[in-house]
*Asks:* 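If you scroll down you'll find the structure; I have some questions about it.
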Amino acid sequence: MRVKQILWDFIKKFKWRYIIGIVFLIITSFITSMIPRLLGFITDSLNNKMPLSDIVRYLIILVGAAVGAFIFRFTWRYFLVGNCRYLECYLREKLFAHMQTLPATFYDNNKTGDLVAYAINDIQAIRRTFGFGFTAILDGVVVNTVSIAIMVRTINPVLTAMALLPTPFIVFILYKLRRKIRERFTAVQKAFAQISEKVQENISGIRVIKAFAQEEEEVEDFLKYSQTRVDTHMRLVRVSAAFWPLTQFMFGISIVFFIIYGSQLVTRGTISLGDYIAFNSYVMIIMRPIVSISRVIEIWQRGMASAGRLDKIFQEKGEKGSKSIYVVPDIMMRKTEDRKHSLEASYTYESLKGDIEIRNLDFTYPGSDEKALKGINLKIKEGETLGILGTTGSGKTTIANLLLRLYDVEDGRILIGQKDINHIPLKALRESIGYVPQDNFLFSTTIRNNIEFFRPIYQDEQVNLASKMAGVYDDILSFPDGFETVVGERGVTLSGGQKQRVSIARAIIKEPSILILDDSLSAVDTKTEEKILNNLKKVLEGRTGIIIAHRVSSVRYADQIIFMDNGRIIERGKHDELMEMKGAYYRLYQSQIKKERDYYASGRLKVNPGLRT
Amino acid sequence: MEFSRGIDSNITYRKRRSLIIKLLAYFKPYMPLLMLSILFAVLINVSVIVKPYIIKYIIDDYLAVGINAPDVFLYVGLIYFGVVLIGAGLSYSQTYILTYIGQKIMYDIRNQLFTHIQNMSIKFFDRTSSGRILTRVTNDVEALNDIFSGVLVNSIKDIIMIIGIVITMFSINKNLALISICSIPVIAIITIIYRKAARKNFIKMKALIGRINGFLAENISGMRLVRIFHREKEKFEEFEELDKEYFDTSLRELILHSLCRPIIEVINTLTIALLIWYSAGTVVEGYLEIGVLYAFINYVKEFFAPINEIADVYTSLQSAVVSAERIFDVLDNQEMLEDAEKGMPIDRIEGEIEFKNVWFYYNEDEWVLKDVSFKIRPGQTVAFVGHTGSGKSTIINLMARFYDIQKGQILIDGVDIKEYNLRDLRRQIAVVMQDVFLFSGDINSNIRLRNKSITDDDIKRAAKLVCADKFIESLPSQYSQEVKERGCTFSAGQRQLISFARAVAFKPAVIVLDEATANIDTETEIAIQRAMANIAEGSTTIIIAHRLSTIRNADNIIVIDNGRIKEMGTHEQLMEKGGVYRQLYERQLNYQWIA
Ligand SMILES: Nc1ncnc2c1ncn2[C@@H]1O[C@H](COP(=O)(O)OP(=O)(O)OP(=O)(O)O)[C@@H](O)[C@H]1O
Ligand SMILES: Nc1ncnc2c1ncn2[C@@H]1O[C@H](COP(=O)(O)OP(=O)(O)OP(=O)(O)O)[C@@H](O)[C@H]1O
Ligand SMILES: [Mg+2]
Ligand SMILES: [Mg+2]
């Protein structure tokens, strides 16, 4: 999908509004171009000492024409410019819908601030092209044709030619300059996007910047971007500022010729004084659209520059199997019944059943040249729980990412219920998996919204239960607004453990058939951890579970435990089996529990009777 | 939502007068250029006024009386040419200068705004969505372009033009001139009505752009999660609603604009008609030369051109004014500003930290810390333990003075931290935060930040101490390996190690580890613990951890419960005492044992 294609579809969809608008615009332009002619008549009749009543009649027509032009102008503006205001919103929605389908790699490689700039700044540039640019072209063409036609018919053709003489030169020069404009405007837009990117990242990281007192240095860095913005703009202006004076100058020349030659025509009686006066107005009238055409070329080039930038995003391929939401172009932006149905329909899905199987999987992240996973073979029976332990960066999260199909794998490597993951509809796959990510992202809305995650179909009891299971219920109730507490961006106004538990609740409430917890108890104290693990046992009944952790205690009871190192599974089995192997798992156990225990026992302290030996 | 709208709300009450004065103040450094461009403007006007006069001269003196004088025509033609040439040249320079001034002022404002935002306290960022701040630095500043790089000087030009034309008209014919200007009051009334309506609409529109920006920024960072939960549709609906609201205001703006400007054009024609009607009798009776009427018709047109233009830019002017208000709303926010200049400068602190009956809340009357008192001696290692949400991270935030306390006192080296220079104070304390943040750039720049005094060797040393060297050195470009936004191409543990190395590289007097090893495997964790003595290098160390085994050796363990200090002492002391800590410890052990 390219921007041009989208625009074209849009125009086709609204062709009637465009046609009506264009017709009205033509009428308006026609009337406007008649006004000088009328003035010419009036001057002539004054000169010829016509009776006052004739003149009054002309004046009434003149005023009528002005009022008519007003009404018609309003109408076409409403249709044509109104359309492009809608176009702006439509494009933005389309862009957002498209972005919703783009794969994780896209977001790994693009910066938020930059993407935001596309959605606001570039789309507005396109709107301006279509609003001002498009109507100014039409207006210019119509006014010019009418004026020239009248001129040719009623005035000396030689004079007409003289008035038009500069036009081809101007058009030629403008045509030559257009590429420069586009290049330079692209640079301007890019500079703007970079500022956006810089500010966005700076604000996201403001806590680090403040903690390390880097504010001054950041400002210094910002100055560079700000300066680039000035420089790129001045480069653009050097070219674009020439348009208007150039046109003025060219037409000035034609008036000079007119003064020299046309005056003689009047004295010789070839043309009337009225014609002479009218001619002057015509030059003015022809000049105006030419000036605006030069502005149009500029704005058009700007639009093209932005469309080019947007094209880059629109041409990114969406994730396999994901369809972008169909955005219906509808001028009043009403929501159609279809859409409501499709929203409700999306609440139902076929939940995934069956074993999860990974066969001989190698995986490399796009753009990286080292394998993140090497020869992974794994089978998780339906309803069983897998525990994953491993060193930092060993590929634990990567396995979860692949099960969620955030990155593509070859066919035949991952199967769920005998079906290849690449052939399972994304919806069924993702609706069936409850995932607690390793870094907790909350949206800046109420806690309840965060748990329901924008799907308000849950009863209060369900929300309460999920938060109880996640061990965060009491915390939430201790806030004055309870579930209605609005959290800061990314959840900054909650403590680390609170955030983590809210995101556990968010996964549990879905009642997924597969639950994946990625290091999800790292920020909670042991007492809470114990409570949550106990609850999880209940939650996991009848569900397939994957628990990624660093603590042996978190995975101790799993039906199967794997230990990963550097992209490989180096040990696997149940707790007891692994203990017997005396390998990495055993050592981990020793350092986490045994040593601690020995230390405790060796102390002079009395061992608490509750503690088993 | 109430607080996130905080900065949009009281805009309407701002005094307009002071706004204009503030805006004008930005012109100060560019006075000479501004004067030059006003001079140019006057000259351009003269050229515009002279042109019809030249033609009038030809008509009245030659054509109307039927004299053919080719020499004169040629001569006059050349004069006209000269006027055109000068006009075009001036007009180019004028645009260039004006744009330059405009861009320079925008540059100044943008930097001032950014600097101001850098100095805002964390409280401000807790409440304001980054998208809204972003909109102010980007879109709102861009909108000012119109004020500075055109409108002001053009308006001056236009007003000079109008005055010039009026004077010329009066000098030619008083009566006709009076008729011509009688439209002015009508135009004034229309403009006032338009302004009121447009302004209200613009305020709404800008706020919506800010919200769209905020929505996009948040949703692009959270896109992954939305995808994983398959909530694209719900999110889209939300976006669509916001966009629709914006569309409504945008359409209203269009309607207002489409009414205001053409009406002025109607008035223009009416004035001309009136002029002709009045003079018709006089011309017919022979009192008035027809050239005069011609000149008048032209003058009225020229007279309306600037008025039209003013009406036209009025929309962007209104838009700019609203943006300016939004910008000053941030700039005028002094109460949340941190003062980086004030206070006692510090070279190096000893590292003695004392809390004296500290009470603190984030939101009015929801006390998070209640009467907290403790003392940490220089070089000590102190641990905070407690349930999640009990206030541990909050204590850290207070030490670095991210927030100011409501009651009590925090002393560092015996001096109230409010006495110190803020930046200097923070340079003494390096925090490994619970929420890791990496900047895009490379690993070097993430450890060093922009502190040039940290050498490559320092970076390597720091990485080695926190055991990050192993993974960094296995990367293709090692320390210059690219880091993407928020470090998304690294594993959580790797990110945490990098942020740990950052704190170590800064060699602070106080090092704070807030769950710094939560996502790191046990083997590395133990290795880091062994290196702790080297890492701390005699600086005061504060550790927050949920795994009690990691803090056993601390000189002092402070147990926090629900914002209060429950117990304090060494591991042995606390175990002996048999209080909360012992319970916590045994529970952990016990549970892990039987688990
Ligand atoms: N998006 C990505 N692009 C490129 N490389 C990546 C990406 N995400 C992770 N990696 C790399 O892949 C390897 C495995 O990362 P993964 O996140 O799976 O580790 P992990 O086992 O979850 O570690 P941790 O315990 O620290 O969370 C790491 O070396 C990491 O740098
Ligand atoms: N910026 C903030 N604005 C408002 N409330 C906050 C803010 N930060 C924390 N809180 C609240 O203050 C309380 C204490 O939070 P704090 O982050 O200090 O807990 P913590 O002891 O560090 O917990 P954890 O172990 O989970 O990290 C919590 O109830 C939290 O919701
Ligand atoms: Mg991970
Ligand atoms: Mg904390």
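Just so we're on the same page: letters track the sequence lines, and every chain starts at 1. Excluded from the calculations below are hydrogen atoms, water molecules and symmetry mates; all remaining heavy atoms, backbone and side chain alike, are included.
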*Asks:* Would you indicate whether the side-chain heavy atoms of B:Asn213 and A:Ile120 approach each other to under 4.5 Å?
*Replies:*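 A side-chain contact exists here, since the closest heavy-atom pair is under 4.5 Å.
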*Asks:* Which bit of B:Glu265 is near chain A, if near means a heavy-atom gap under 4.5 Å: side chain, backbone, both or neither?
*Replies:*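 Only the side chain of B:Glu265 comes within 4.5 Å of chain A.
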*Asks:* Are B:Asp521 and A:Thr392 linked by a side-chain donor-acceptor pair shorter than 3.5 Å?
*Replies:*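 A:Thr392 and B:Asp521 do have a side-chain donor-acceptor pair below 3.5 Å.
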*Asks:* Got a donor-acceptor contact below 3.5 angstrom from the A:Tyr78 side chain to the B:Leu254 backbone?
*Replies:*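 No; zero donor-acceptor contacts below 3.5 Å.
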*Asks:* Measure from NZ or CZ of A:Arg92 to the centre of the six-membered ring of B:Tyr246 and say whether it is under 6.0 Å with the direction within 45° of the ring axis.
*Replies:*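 Satisfied, under 6.0 Å and within 45°.
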*Asks:* Just give me the residue among A:Val56, A:Leu59, A:Leu494, A:Asp369 that pairs up with chain B most often, heavy atom to heavy atom, under 4.5 Å.
*Replies:*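 The residue among A:Val56, A:Leu59, A:Leu494, A:Asp369 with the greatest pair count is A:Leu59.
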*Asks:* Sub-3.5 Å donor-acceptor pair from the side chain of A:Gln100 to the main-chain atoms of B:Glu232, do we have one?
*Replies:*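 A pair under 3.5 Å: yes.
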*Asks:* Can a salt bridge be assigned to the pair A:Glu220 and B:Arg450 using a cut-off of 4.0 Å between side-chain N and carboxylate O?
*Replies:*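 A salt bridge is absent here (no side-chain N lies under 4.0 Å from a carboxylate O).
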*Asks:* Which residues satisfy the ring-ring contact (aromatic ring centres under 6.0 Å, His included) test with B:Tyr96, sequence neighbours excluded?
*Replies:*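 Result, ring-ring contact (aromatic ring centres under 6.0 Å, His included) vs B:Tyr96: none returned.
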*Asks:* So which residue, B:Glu142, B:Glu525, B:Gln494, B:Lys104, ends up with the most heavy-atom pairs under 4.5 Å with chain A?
*Replies:*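 Sorted descending by pairs with chain A, the first entry is B:Glu142.
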*Asks:* Establish, yes or no, whether the cationic atom of A:Arg207 lies under 6.0 Å from the six-membered ring centre of B:Phe437 and within 45° of the ring axis.
*Replies:*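 No.
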*Asks:* Between B:Phe247 and A:Gly82, what is the shortest heavy-atom contact and its length?
*Replies:*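 It is CE1-O, 4.3 Å.
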*Asks:* Strictly distance-based, threshold 3.5 Å: is any side-chain N or O of B:His230 a donor or acceptor partner for the main-chain N or O of A:Leu426?
*Replies:*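 Absent.
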*Asks:* Using the rule given for side-chain contact (heavy atoms from CB on, under 4.5 Å), can you reason through A:Val63 versus B:Leu270, listing the C-alpha separation, both sets of side-chain angles and the distance that settles it, and then say yes or no?
*Replies:* CA-CA 6 Å; A:Val63 171; B:Leu270 276 176; 3.6 Å; yes
*Asks:* For chain B, find which of A:Glu489, A:Glu217, A:Gln500 contributes the most heavy-atom pairs closer than 4.5 angstrom.
*Replies:*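 So the answer, after comparing A:Glu489, A:Glu217, A:Gln500, is A:Glu489.
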*Asks:* Do B:Phe114 and A:Asn202 touch side chain to side chain, with heavy atoms closer than 4.5 Å?
*Replies:*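 In short, these two side chains touch, coming nearer than 4.5 Å.
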*Asks:* Under 4.5 Å heavy-atom distance to chain A, tell me which part of B:Asn139 shows up: side chain, backbone, both or neither.
*Replies:*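 Both parts, backbone and side chain.
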*Asks:* Counting heavy-atom pairs closer than 4.5 Å to chain A, which one of B:Asp424, B:Leu85, B:Thr489 comes out on top?
*Replies:*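 That would be B:Leu85.
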*Asks:* Does any part of the side chain of B:Tyr100, heavy atoms only, come nearer than 4.5 Å to the side chain of A:His233, both counted from C-beta?
*Replies:*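 They are not in side-chain contact.
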*Asks:* Tell me, side chain or backbone of A:Ser394 under 4.5 Å from chain B's heavy atoms, or both, or neither?
*Replies:*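 For A:Ser394, there is no contact with chain B at all, as no heavy atom is under 4.5 Å.
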*Asks:* Got more than 12 heavy atoms from elsewhere within 6.0 Å of CD, B:Glu238?
*Replies:*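 Correct, the count exceeds 12.
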*Asks:* So what's closer than 4.5 Å to chain A heavy atoms on B:Asn268: side chain, backbone, both or neither?
*Replies:*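 Neither part.
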*Asks:* If every non-hydrogen atom of B:Leu134 is compared with every non-hydrogen atom of A:Ser196, which pair is closest and at what distance?
*Replies:*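 For B:Leu134 and A:Ser196, the tightest heavy-atom pair comes out as CD1-O, 3.3 Å.
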*Asks:* Determine, stepwise, if the pair B:Ile220 / A:Val116 fulfils side-chain contact (heavy atoms from CB on, under 4.5 Å).
*Replies:* CA-CA 8 Å; B:Ile220 290 169; A:Val116 172; 4.2 Å; yes
*Asks:* So which of B:Thr95, B:Val76, B:Ile255 has the largest heavy-atom pair count under 4.5 angstrom toward chain A?
*Replies:*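 Answer, by heavy-atom pair count under 4.5 Å with chain A: B:Ile255.
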*Asks:* Evaluate side-chain contact (heavy atoms from CB on, under 4.5 Å) for A:Trp244 paired with B:Ser91, printing each intermediate quantity in order.
*Replies:* CA-CA 8 Å; A:Trp244 161 235; B:Ser91 151; 3.6 Å; yes
*Asks:* Between A:Gln498, A:Gln248, A:Arg73, which residue shows the highest count of heavy-atom pairs closer than 4.5 Å to chain B?
*Replies:*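 Most heavy-atom pairs within the cutoff with chain B belong to A:Arg73.
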*Asks:* Between B:Glu218 and A:Ser444, is the side chain to side chain donor-acceptor pair (under 3.5 Å) condition met? List the steps.
*Replies:* CA-CA 8 Å; B:Glu218 181 168 39; A:Ser444 56; 3.0 Å; yes
*Asks:* Taking B:Arg227 for its side chain and A:Thr101 for its backbone only, find out whether a donor-acceptor pair lies under 3.5 Å.
*Replies:*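 Indeed, once roles are kept as given, a pair shorter than 3.5 Å links the two residues.
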*Asks:* Minimum heavy-atom separation for B:Glu366 to A:Pro480, with atom names?
*Replies:*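 So the minimum-distance heavy-atom pair works out to OE2-CG, 2.9 Å.
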*Asks:* Going by heavy atoms in the side chains, are B:Thr115 and A:Phe222 under 4.5 Å from each other?
*Replies:*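 They are not in contact (no side-chain heavy atoms under 4.5 Å apart), so the answer is no.
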*Asks:* Of the backbone (N, CA, C, O) and the side chain (C-beta and beyond), which part of B:Asp435 lies under 4.5 Å from a heavy atom of chain A, both, or neither?
*Replies:*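 Contact with chain A involves the side chain of B:Asp435 alone.
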*Asks:* For B:Lys484, does its backbone N or O pair with a side-chain atom of A:Lys111 as donor and acceptor, under 3.5 Å?
*Replies:*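 Not a single qualifying donor-acceptor pair exists.
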*Asks:* Check whether any side-chain heavy atom of B:Arg224 lies under 4.5 Å from a side-chain heavy atom of A:Phe441, and answer yes or no.
*Replies:*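 Not in contact.
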*Asks:* May I ask you to test the A:Val492-B:Asp126 pair for a side-chain heavy-atom distance under 4.5 Å?
*Replies:*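 They are in contact (side-chain heavy atoms under 4.5 Å apart), so the answer is yes.
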*Asks:* For each of A:Val552, A:Ile255, A:Thr397, tally heavy-atom pairs with chain B at distances under 4.5 Å, and name the one with the top tally.
*Replies:*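 Top option by heavy-atom pairs under 4.5 Å: A:Ile255.
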*Asks:* What part of B:Lys235 gets closer than 4.5 Å to chain A, counting heavy atoms only: side chain, backbone, both or neither?
*Replies:*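 Both backbone and side chain of B:Lys235 come within 4.5 Å of chain A.
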*Asks:* Taking every non-hydrogen pair under 4.5 Å, which of B:Thr99, B:Leu216, B:Thr269 racks up the most with chain A?
*Replies:*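 Sorted descending by pairs with chain A, the first entry is B:Thr99.
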*Asks:* Quick check: does any side chain N or O of A:Gln200 sit under 3.5 Å from a backbone N or O of B:Ala217, one acting as donor and the other as acceptor?
*Replies:*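 No, A:Gln200 side chain to B:Ala217 backbone: no donor-acceptor pair under 3.5 Å.
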*Asks:* For residues A:Pro245 and B:Ala88, report the shortest heavy-atom separation together with the two atoms involved.
*Replies:*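 The pair with the smallest heavy-atom distance is CB-O, 3.3 Å.
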*Asks:* Could you please spell out the steps behind the side-chain contact (heavy atoms from CB on, under 4.5 Å) verdict for A:Val208 and B:Phe439?
*Replies:* CA-CA 10 Å; A:Val208 175; B:Phe439 295 91; 3.9 Å; yes
*Asks:* With chain B, which of A:Gln438, A:Glu201, A:Arg587, A:Glu218 has the greatest number of heavy-atom pairs at distances under 4.5 Å?
*Replies:*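 Most pairs with chain B among the choices: A:Glu201.
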*Asks:* Decide yes or no for B:Arg423 and A:Glu216: does some side-chain heavy atom of the first lie under 4.5 Å from some side-chain heavy atom of the second?
*Replies:*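 B:Arg423 vs A:Glu216: side chains touch.
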*Asks:* Quick check for you: among A:Leu389, A:Leu246, A:Asn109, which has the greatest number of heavy-atom pairs under 4.5 Å with chain B?
*Replies:*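 When all of A:Leu389, A:Leu246, A:Asn109 are compared, A:Asn109 has the most.
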*Asks:* At a heavy-atom separation under 4.5 Å, does B:Ser491 approach chain A through its side chain, its backbone, both, or neither?
*Replies:*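 For B:Ser491, the contact with chain A is made by the side chain alone.
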*Asks:* Given heavy-atom pairs under 4.5 angstrom as the criterion, report whether the side chain, backbone, both or neither of B:Val83 touches chain A.
*Replies:*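 Looking at B:Val83, nothing touches chain A.
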*Asks:* Taking the six-membered ring for Trp, are A:Phe96 and B:Phe239 parallel (under 30°), tilted (30 to 60°) or perpendicular (over 60°)?
*Replies:*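 If you compare the ring of A:Phe96 with that of B:Phe239, the planes turn out tilted.
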*Asks:* Is the closest side-chain donor-acceptor distance between B:Glu485 and A:Thr112 under 3.5 Å?
*Replies:*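 Looking only at side-chain atoms, A:Thr112 and B:Glu485 do form a donor-acceptor pair, the distance falling under 3.5 Å.
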*Asks:* Tell me, side chain or backbone of B:Ser474 under 4.5 Å from chain A's heavy atoms, or both, or neither?
*Replies:*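 Contact with chain A involves the backbone of B:Ser474 alone.
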*Asks:* Quick check on B:Ser250 against chain A: is it the side chain, the backbone, both or neither that has a heavy atom closer than 4.5 Å?
*Replies:*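 Its backbone and side chain both get close to chain A.
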*Asks:* Please classify the contact of B:Ile263 with chain A as side chain, backbone, both or neither, using a heavy-atom distance under 4.5 Å.
*Replies:*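 Both parts, backbone and side chain.
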*Asks:* Would A:Lys210 count as a cation-pi partner of B:Phe402, with NZ or CZ less than 6.0 Å from the six-membered ring centre and within 45° of the ring normal?
*Replies:*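 Output no; distance or angle outside limits.
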*Asks:* Heavy atoms only: give me the nearest A:Phe443-B:Asn219 pair and the separation to one decimal.
*Replies:*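 For A:Phe443 and B:Asn219, the tightest heavy-atom pair comes out as CE2-OD1, 3.4 Å.
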*Asks:* Could you pull out the closest heavy-atom pair between A:Arg229 and B:Gln103, with the gap in Å?
*Replies:*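 Residues A:Arg229 and B:Gln103, closest heavy atoms: NH1-OE1, 3.7 Å.
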*Asks:* Of the backbone (N, CA, C, O) and the side chain (C-beta and beyond), which part of B:Ala273 lies under 4.5 Å from a heavy atom of chain A, both, or neither?
*Replies:*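 Contact with chain A involves both backbone and side-chain atoms of B:Ala273.
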*Asks:* Within a strict 4.5 Å, meaning less than it, do heavy atoms of the B:Val266 and A:Val67 side chains meet?
*Replies:*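 Touching, per the 4.5 Å side-chain cut-off.
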*Asks:* How are the rings of B:Phe81 and A:Phe249 set relative to one another: parallel (under 30°), tilted (30 to 60°) or perpendicular (over 60°)?
*Replies:*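 Correct class here is tilted.
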